[in-house]
Amino acid sequence: MRETIVRSLERIPTGLYIDGAWVRPAQPRSFVVSDPATGETLAQVADADLDDAKAAVDAASAALPGWRSMPVRQRAEILRTVHALMLDRLEDLARIITLENGKPLADSRAEVRYAAEFFRWYSEEACRNLGALSHAPSGGYRIMVQHEPIGVVALVTPWNFPSAMGARKIAPALAAGCTAVVKPASLTPLSMLALAPILAEAGVPKGVVNIVPTSRSGALVDHWLHDPRVRLVSFTGSTEVGRTLLKSAADQILKTPMELGGNAPFLVLNDADVPAAVEGAMIAKMRNMGEACTAANRFYVEASIYDSFVSAFVERMRAQKVGHGLDESNHVGSLIDAATRDKVEELVQDAVARGARVLCGGERVPGPGHFYLPTVLGDVSLDSRVLKEEIFGPVAPIVRVASEDEMVALANDTEYGLAAYLYTRDLSKGLRLAERLEFGMVALNRGLLSDPAAPFGGVKQSGLGREGSSEGMHEYMETKYIAVAW
Ligand code: NAD
């Protein structure tokens, strides 16, 4: 395994990617990126400061006129090539994700495919930037509407999907004709840096995408938000940081697509297909070890089906093998850091103190890394923190409920509104309930929602705007209306 790691790491660039070149920071500083499963250092990455942040916007700004005026078909072909190259290098890219994030290799491969698919989807969507033409109702002129790239965009991404959350922003931004400055999460910058040579090889001109890792995220992003050449900030991360960025973005009235935190309910109705619901629960809970904004965070199960669902689910959770993500026999890797693991532990202890029963797991794994056993908590009391806060770990708290109405009321009782899951054999009942759920996305008899062709995003404090689908590209465009005297 060591040899594979060394080979994967040798090829990862560790500088700042600005104007199509690898540059060292203005102040020669670096920060450490480590393997969360072992604590070993993986790389020393260049640590950008404000001069580097400015140089990145200089490059993006200089590249903008050429990129936005390139024939759309040509831009689309470049995006399509990025998709192909990512799939060619799938194994390398997946190993990098596992090394810096801790997730199992199977999850990392799925993430690379998902990330690559954004480039393919937007290579197709780029050519469908449709406008509109209509008669003014008062007569005498025409209303002409077209969509133009917004300009230089700042993209800020989290550590939990270090490749896909970048791709979900870069692909539509480029398809729209924008140029970008990108700040990957400080814990996991390597996956974004590994994308840079692929973009260059595919033909993305210099300066169109600039990738600037830093250990001083707050100051660097704030600098971008006050540079008048930057017109949009797209952020994926916690609601808390999103709120801070929204306040800063107000100074220059920036456009602000935000993909923030979640607290997804997973509803199992009494007529659900139990094996299908258990399969869906495993995906919705355990993809990424629960470190996903869409992760099922709380389970509400109708009383008559509670015992059969819970016993089958516990059996599957118990069978999950925990260990280093590069070992293909493991299903559950290390959580990202000690703070995340400690919070998971705290939430479980709080639930148990309030009367929850530990049906499996319920403890950390000793030794290096930040492993936590797959855990199911039964009969969780409604005042438990685990039902209210993002768990971001492999813990499934289950509540027994008496009716559908109670289920919907409990599901909606949160400041978040990203994703919800619902299992029932009765499709019309499922659709009726889906309409009553105050969430941006509802998975009906499915454990997985994410799809580049679908509008991904939340309501309430889970965010603003949508990523993926044609809506995702329009976030990066301004609508222009031209009144034409015909
Ligand atoms: P985070 O908010 O701590 O960090 C996200 C990014 O912001 C990172 O690049 C980080 O370095 C940067 N950052 C941190 N403080 C900053 C500041 N003051 N100013 C500017 N940038 C700053 O989030 P995280 O811990 O990396 O990711 C986990 C969170 O992301 C969870 O809440 C999860 O639900 C959310 N998330 C949401 C989605 C979605 O699509 N809605 C997807 C993935 C993750």
Side-chain angles (χ1 to χ4, degrees), residues 31 33 36 45 47-48 50 53 100-103 111 114-115 118 154-169 181-192 211-226 230 233-249 254 256-264 287-297 335-337 339-340 343 389-393 414-419 439-441 449-452 454-468 472 475:
F31 63 94
V33 178
V45 170
D47 191 358
L50 301 188
E100 66 176 351
N101 169 279
K103 69 178 78 174
E111 180 179 343
Y114 177 48
F118 281 102
L155 311 178
V156 183
T157 59
W159 51 261
N160 64 341
F161 289 91
S163 177
M165 296 301 97
R168 199 163 77 175
K169 298 182 191 304
V181 291
V182 184
K183 196 213 79 65
S186 335
L187 289 166
T188 58
L190 302 178
S191 296
M192 259 313 96
I211 302 171
V212 190
T214 183
S215 64
R216 288 154 289 178
S217 305
L220 186 133
V221 174
D222 196 61
H223 178 86
W224 283 346
L225 267 46
H226 291 93
V230 172
V233 57
S234 172
F235 172 75
T236 298
S238 60
T239 297
E240 189 191 339
V241 174
R243 195 175 281 115
T244 305
L245 297 190
L246 281 169
K247 286 178 186 158
S248 303
L254 299 185
T256 51
M258 295 271 143
E259 296 290 348
L260 308 176
N263 180 5
R287 189 169 70 111
N288 252 22
M289 296 93 67
E291 290 176 324
C293 50
T294 51
N297 207 62
L335 298 176
I336 189 74
D337 57 14
T340 301
K343 180 173 178 200
E389 299 175 29
E390 259 190 317
I391 305 170
F392 253 53
T414 169
E415 71 271 26
Y416 294 109
L418 189 62
F439 292 82
M441 302 178 285
L449 285 151
S450 306
D451 188 324
F456 186 107
V459 301
K460 293 157 87 177
Q461 293 191 29
S462 285
L464 297 169
R466 293 293 180 269
E467 292 191 320
E475 297 285 355

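Just follow the structure's listing: the first ligand is 1, and inside any ligand the first atom is 1. Remember, predicted model here, so these are calculated numbers, not experimental data.
Looking only at side-chain heavy atoms (C-beta outward), Val212 and Trp224 come within less than 4.5 Å of each other. Here the side chains of Val156 and Thr236 are not in contact, with every heavy-atom distance at 4.5 Å or above. Between Ser186 and Ser217 the shortest side-chain heavy-atom distance falls below 4.5 Å. In this structure, the side chains of Leu260 and Arg243 stay at 4.5 Å or more apart for every pair of heavy atoms. Considering only heavy atoms from C-beta on, Ser234 comes within 4.5 Å of Glu467 through its side chain. Two residues are said to be in side-chain contact when any heavy atoms from C-beta on lie closer than 4.5 Å; Leu190 and Val45 meet this criterion.
Closest protein heavy atom to atom 16 (C) of ligand 1: Val241 CG1, 3.5 Å. Counting protein heavy atoms only, atom 10 (C) of ligand 1 is closest to Lys183 NZ, 3.9 Å. Closest protein heavy atom to atom 9 (O) of ligand 1: Thr157 O, 2.6 Å. The shortest contact between atom 35 (C) of ligand 1 and any protein heavy atom is with Gly237 O, 3.1 Å. Scanning the protein for heavy atoms near atom 7 (O) of ligand 1, the closest one is Phe235 CE1, 3.2 Å. Of the protein's non-hydrogen atoms, the one nearest atom 38 (C) of ligand 1 is Cys293 SG, 2.9 Å. Scanning the protein for heavy atoms near atom 27 (O) of ligand 1, the closest one is Pro158 CB, 3.4 Å.
Remark: Arg168 qualifies as a cation-pi partner of Phe456 under the 6.0 Å distance and 45° angle criteria applied to the six-membered ring. In this structure, Lys169 forms no cation-pi arrangement with Phe235, as its terminal cationic atom is not both closer than 6.0 Å to the ring centre and no more than 45° off the ring axis.
Checking side-chain atoms of Glu390 against main-chain N and O of Asn263 turns up no donor-acceptor pair under 3.5 Å. Here the side chain of Asn297 pairs a donor or acceptor atom with the backbone of Glu389 at under 3.5 angstrom. At least one donor-acceptor pair closer than 3.5 Å links the side chain of Lys460 to the backbone N or O of Thr414.
In terms of polar-atom proximity, Ser462 is not counted as a contact of ligand 1, lacking any N or O under 3.5 Å from an N or O of the ligand. Residue Leu418 has no N or O atom closer than 3.5 Å to an N or O atom of ligand 1. When only interatomic distances are considered, the shortest N/O to N/O separation between Thr244 and ligand 1 does not fall below 3.5 Å. Between Leu260 and ligand 1, at least one N/O pair is under 3.5 Å apart. Residue contacts with ligand 1: Asn160 is placed with no nitrogen or oxygen under 3.5 Å of a nitrogen or oxygen of the ligand (distance criterion only). Where the criterion is an N or O separation shorter than 3.5 Å, residue side chain and backbone included, Ser238 meets it with respect to ligand 1.
At a threshold of 4.0 Å, the pair Lys103-Glu111 counts as salt-bridged, since one of the basic side-chain nitrogens sits closer than that to a carboxylate oxygen.
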query = Which is it for Trp159 and Phe392 under the ring-ring contact (aromatic ring centres under 6.0 Å, His included) test, yes or no, and what are the steps along the way?
reply = CA-CA 12 Å; Trp159 51 261; Phe392 253 53; 5.6 Å; yes
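With a 4.0 Å cut-off on non-hydrogen atoms, Arg168 touches ligand 1 through its side chain and not its backbone. Under 4.0 angstrom from ligand 1, there are no non-hydrogen atoms of Glu467. By the criterion of a heavy-atom distance under 4.0 Å, the side chain of Leu245, and not its backbone, is placed next to ligand 1. Contact annotation for Glu390 and ligand 1: only side-chain heavy atoms (C-beta onward) come within less than 4.0 Å of the ligand. Of the heavy atoms in Thr236, both backbone and side-chain atoms come closer than 4.0 Å to ligand 1.
Not a single heavy atom of Phe161 sits under 4.0 Å from any atom of ligand 1.
When the heavy atoms of Pro162, Ala292, Ser186, Ser217 are ranked by distance to atom 13 (N) of ligand 1, first place goes to Ser217. Across the listed options Phe392, Trp159, Tyr416, Phe456, Trp159 owns the non-hydrogen atom lying nearest to atom 26 (O) of ligand 1. For the residues Ala154, Ala295, Gly218, the heavy atom positioned nearest atom 19 (N) of ligand 1 is part of Gly218.
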